[in-house]
Amino acid sequence: MRVRSTSLVSQVLLVGVLVAALAWVIFPFYWAFLNSIKRPADTFVNSFVPFLQFQPTLEHWLAEIAIPETRQALLNSTLIAVGAATLSILIGTPAAYALARFRFKRPNNRFFTTWFLSQRILPPVLFVIPFFLIMRELKLLDSVFALILLNATFTLPFSVIILSQMFRELPRELEEAAYVDGASAFQAFAQVALPLVLPGLVAAWIISMAFSWNEFLFALSLTTKNGIPMPVIIAGAEHTRGVQFWFVGVRTMLTLLPPTILALLAQRYIVRGLTLGAVKG
Amino acid sequence: MAGRLFLLPAVVWVLVFSIFPLLYALYTSLHSYRFGRINEFIGLRNFERLFTDANLHSGLRVTLTFVIVTVLVQMILGFALALILNRELRGKSVFRAIMTLPLFATPVAVGYLGITVFYEQNGPVNSFLSSLGIANIPWLSNPFWALVAVIIVDIWQWTPFVFLVSLAALQALPADLYEAAEVDGASPAQTFRHITLPLMAPTLFLILLLRLVESFKVFDIPMSLTLGGPGRATEVYSLFTYRTAMRFFDHGYAAAQGFLLLVIVSVIVALLFRRIGQLYELER
């Protein structure tokens, strides 16, 4: 009897914890969504069920999307995310393969891996000055191109480390068979190994896109007008204009929906991605 | 030979976009700037300023407080949640999927949204608290509570990271050890103390390290939620350095500040480094 009663208690506790955790995680998203579809007057009242408690409206979404700066920022963010992630995968994949399959001496594989990993330790703020000065010299301030280069740089270690783990998990026999058939190293890589890691590669690409979309410090430092992406559009706007809950809701949703949807697409690889491959999820 | 060719683009890229800017920052830190243009070589004087700048020290204090509190709370909450949910459960994959959402939500957007969530007059947090009988908390106008708000947002965003990684590691633990412990009549507390904790230690250690490194970089949330205020209450290190560079155009000094942050983070990592090597299977 005693066992059953404690298990009932633990069941109730478990459900309680689950519900609390879900509510805690989901509330901010739901709150942003709610405000984005409320009429301004309704945002001052705490009501949580559209149609029953208030009449929803799409007017703020339409108004926000009609703003040229917002459209430009959405386009810029998309270009930066896709461009940086693609570049980082293009450069990172061969390097990842090299670290997984070839044995280097002086400097050895361990050195290279540590070197790529250590890039993660560098504080981004240390790079604000040099990048600002370099981009000013190159006349690349306020350009999407500069932000593509920078985000590719910051996602490159991630691509290299995570993809080299995936290559290492492939059985060598397939490539060895290809070598026996007279394939070059490049053919073994491109025609045998690459197709096999494709799901992981796509996941790494998706996660890199989300990281690049979310990047804020360099976007803020290097853009002034034409190159501004979404995170810069929203930063600090309300401090100067006064808080308009409904536009906060729309802009928040517009900014965080793309990366969160991307994350859901790469679900299987998230834990591995976030730990740079150290823990397999 | 082919191997070197494969590796070359990435190595060149890091040299050009990471090592060169680093050296350039070093060069910058040895000079004074006027109106955003290089003025003169001043040796280590920018570095000497690091020791006497009260505002920088305030930024460092705020950052240390932020790092210690957020990382500690995230580790405890995330690991506890993973322990509780480490069992057969319907809908677990849906729950895990939902838990990834905060991790990928744009931090600036989350901080920006926080302005409305922590709105002092009738905002959702204060409404909820007042229904519990707690009087209005001045979330964003009071120095103490503003830092608490920034910390809460960061905890919201990153606790799922600890949870997801811990859960993945817990599920990979060998089941036979637990069966043996059960046969031997070990209590749940003993099992946790002598099996789960030692086996999880490397993962927890890795999580701690990753969170520490990332937390020291904090910038987005205080910038969007509080603009570093009120006063300097939430002006974290990176925010102060950003302002030194981009608002006061004191490029040389900002670069010196960046190096100090790098040294602080590197020392912490170096203290823990041997273990990371093992975790990343740096066998060759």
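Quick caveat: nothing in here was measured; it's all calculated off a predicted structure. Below, chains carry the letters A, B, ... as their sequence lines are ordered, and counting in each starts from 1.
- Between chain A and the residues Tyr237(B), Phe216(B), Tyr242(B), Tyr27(B), the largest count of heavy-atom pairs under 4.5 Å involves Tyr242(B).
- Of the residues considered (Leu90(A), Leu149(A), Val17(A)), Leu149(A) shows the highest number of contacts with chain B, using heavy-atom pairs under 4.5 Å.
- Residue Ser221(A) comes nearest to Met246(B) through the heavy atom pair O-CE, 3.4 Å, listed as atom of the first residue, atom of the second, then distance.
- The distance from the CG atom of Leu274(A) to the OG1 atom of Thr100(B) is 9.0 Å, given to the nearest 0.5 Å.
- Under the 4.5 Å side-chain criterion, counting only non-hydrogen atoms from C-beta, Leu101(B) is in contact with Leu264(A).
- Atom OH of Tyr179(A) has more than 12 neighbouring heavy atoms from other residues, nucleotides or ligands inside a 6.0 Å radius.
- With a 4.5 Å cut-off on non-hydrogen atoms, Val213(B) touches chain A through its side chain but not through its backbone.
- When the candidates Ala172(B), Pro124(B), Ala169(B), Ala254(B) are compared by the number of heavy-atom contacts under 4.5 Å with chain A, Pro124(B) comes out ahead.
- Note: Phe17(B) CZ to Phe127(A) CZ = 12.0 Å, rounded to the nearest 0.5 Å.
- Here the CE atom belonging to Met99(B) is positioned 7.5 Å from the CG atom belonging to Leu22(A), to the nearest 0.5 angstrom.
- A distance of 4.5 Å separates CD1 of Ile26(A) from CD1 of Ile98(B), quoted to the nearest 0.5 Å.
- With a 4.5 Å cut-off on side-chain heavy atoms, Val128(A) and Thr241(B) do not count as touching.
- When heavy atoms are compared at a cutoff of 4.5 Å, Thr116(B) approaches chain A by way of both its backbone and its side chain.
- Most heavy-atom pairs under 4.5 Å with chain B: of the set Pro28(A), Ala263(A), Ala185(A), this distinction falls to Pro28(A).
- Contacts of Ala96(A) with chain B are absent, with no heavy-atom separation under 4.5 Å from either backbone or side chain.
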Start with the C-alpha distance between Thr159(B) and Trp24(A), add both sets of side-chain angles, then the distance that settles side-chain contact (heavy atoms from CB on, under 4.5 Å), and finish with yes or no.
-> CA-CA 11 Å; Thr159(B) 301; Trp24(A) 163 262; 5.6 Å; no
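- Contact of Ile19(B) with chain A is made through the side chain alone, with heavy-atom distances under 4.5 Å.
- Looking only at side-chain heavy atoms (C-beta outward), Phe104(A) and Leu7(B) come within less than 4.5 Å of each other.
- Taking 4.5 Å as the limit, some side-chain heavy atom of Val11(B) sits within range of a side-chain heavy atom of Phe112(A).
- In terms of heavy-atom pairs under 4.5 angstrom with chain B, the leader among Pro124(A), Ser159(A), Gly249(A), Ser184(A) is Pro124(A).
- Contacts between Ile129(A) and chain B at a heavy-atom distance below 4.5 Å involve the side chain alone, from C-beta outward.
- Here the OH-CZ distance, from Tyr24(B) to Phe131(A), works out to 12.5 Å after rounding to the nearest 0.5 Å.
- Taking each heavy atom of Val265(B) and Ile121(A) in turn, the nearest pair found is CG1-CG2, 3.7 Å.
- Interface check for chain A: of the options Leu164(B), Leu113(B), Leu8(B), the most heavy-atom pairs under 4.5 Å are formed by Leu113(B).
- Contact of Val25(A) with chain B is made through backbone and side chain together, with heavy-atom distances under 4.5 Å.
- Heavy-atom pairs under 4.5 Å with chain B peak, among Phe27(A), Trp213(A), Phe116(A), Phe154(A), at Phe116(A).
- Using a 4.5 Å cut-off on side-chain heavy atoms (C-beta onward), Pro130(A) and Thr28(B) make no contact.
- Only the side chain of Phe161(B) has a heavy atom closer than 4.5 Å to any heavy atom of chain A.
- The one candidate from Leu256(A), Ile261(A), Ile270(A), Leu262(A) that meets the side chain to side chain contact (heavy atoms under 4.5 Å, CB included) condition with Phe104(B) is Ile270(A).
- When heavy atoms are compared at a cutoff of 4.5 Å, Phe20(B) approaches chain A solely by way of its side chain, counted from C-beta outward.
- Using a 4.5 Å cut-off between heavy atoms, Leu13(A) makes no contact with chain B at all.
- Contact annotation for Ala25(B): both backbone and side-chain heavy atoms come within less than 4.5 Å of a heavy atom of chain A.
- Residues Val14(B) and Leu156(A) are in side-chain contact: their nearest non-hydrogen atoms beyond the backbone lie under 4.5 Å apart.
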Given the rule in the side-chain contact (heavy atoms from CB on, under 4.5 Å) test, do Leu206(B) and Val279(A) qualify, once you have shown the distances and angles that lead to the verdict?
-> CA-CA 9 Å; Leu206(B) 171 86; Val279(A) 177; 3.8 Å; yes
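- Between Pro231(A) and Val108(B), the closest heavy-atom pair is O-CG1, 3.7 Å.
- With a 4.5 Å cut-off on non-hydrogen atoms, Tyr33(B) touches chain A through its side chain but not through its backbone.
- Using a 4.5 Å cut-off between heavy atoms, Arg120(A) contacts chain B through both its backbone and its side chain.
- Of the listed residues (Leu261(B), Val16(B), Asp220(B)), the greatest number of heavy-atom pairs within a distance under 4.5 Å of chain A belongs to Asp220(B).
- Residues Leu14(A) and Leu85(B) have side chains in contact (heavy-atom distance under 4.5 Å, counting atoms from C-beta outward).
- Taking the six-membered ring for Trp and the full ring otherwise, Phe29(A) and Trp156(B) have centroids separated by under 6.0 Å.
- Taking all atoms of both residues into account, the shortest heavy-atom contact from Ile234(A) to Ala109(B) is CD1-CA, 3.4 Å.
- What you find for Arg37(B) and Glu137(A) is that their closest heavy atoms are NH1-OE2, 4.1 Å.
- Considering every non-hydrogen atom in both Phe6(B) and Ala98(A), the closest pair reads CB-CB, 3.6 Å.
- Counting only heavy atoms from C-beta outward, the side chains of Phe216(A) and Pro107(B) never approach each other to under 4.5 Å.
- Atom CG of Leu220(A) is separated from atom CZ of Phe219(B) by 5.5 Å, given to the nearest 0.5 angstrom.
- Ranking Thr252(A), Thr93(A), Leu126(A) against chain B, the residue ahead of the rest is Leu126(A), based on heavy-atom pairs under 4.5 Å.
- Looking at Leu34(A), there are no atoms closer than 4.5 Å to chain B (heavy atoms on both sides), in backbone or side chain.
- With a 4.5 Å cut-off on non-hydrogen atoms, Phe186(A) touches chain B through its backbone and its side chain both.
- Between chain A and the options Ala245(B), Gly252(B), Pro9(B), Ala105(B), the largest number of non-hydrogen pairs under 4.5 Å is found for Ala105(B).
- Within the 4.5 angstrom heavy-atom criterion, only side-chain atoms of Glu214(B), from C-beta onward, approach chain A.
- Heavy-atom distances place both the backbone and the side chain of Phe259(B) under 4.5 Å from chain A.
- When heavy atoms are compared at a cutoff of 4.5 Å, Leu122(A) approaches chain B by way of both its backbone and its side chain.
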Could you walk me through whether Met230(A) and Thr106(B) pass the side-chain contact (heavy atoms from CB on, under 4.5 Å) test, one step at a time?
-> CA-CA 10 Å; Met230(A) 275 315 276; Thr106(B) 316; over 6 Å; no
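- Taking the six-membered ring where tryptophan is involved, the planes of Tyr119(B) and Phe245(A) are perpendicular, since the angle between them exceeds 60° and thus also 30°.
- Listed options Ser93(B), Ser127(B), Ala97(B) were ranked by heavy-atom pairs under 4.5 angstrom with chain A; first place goes to Ala97(B).
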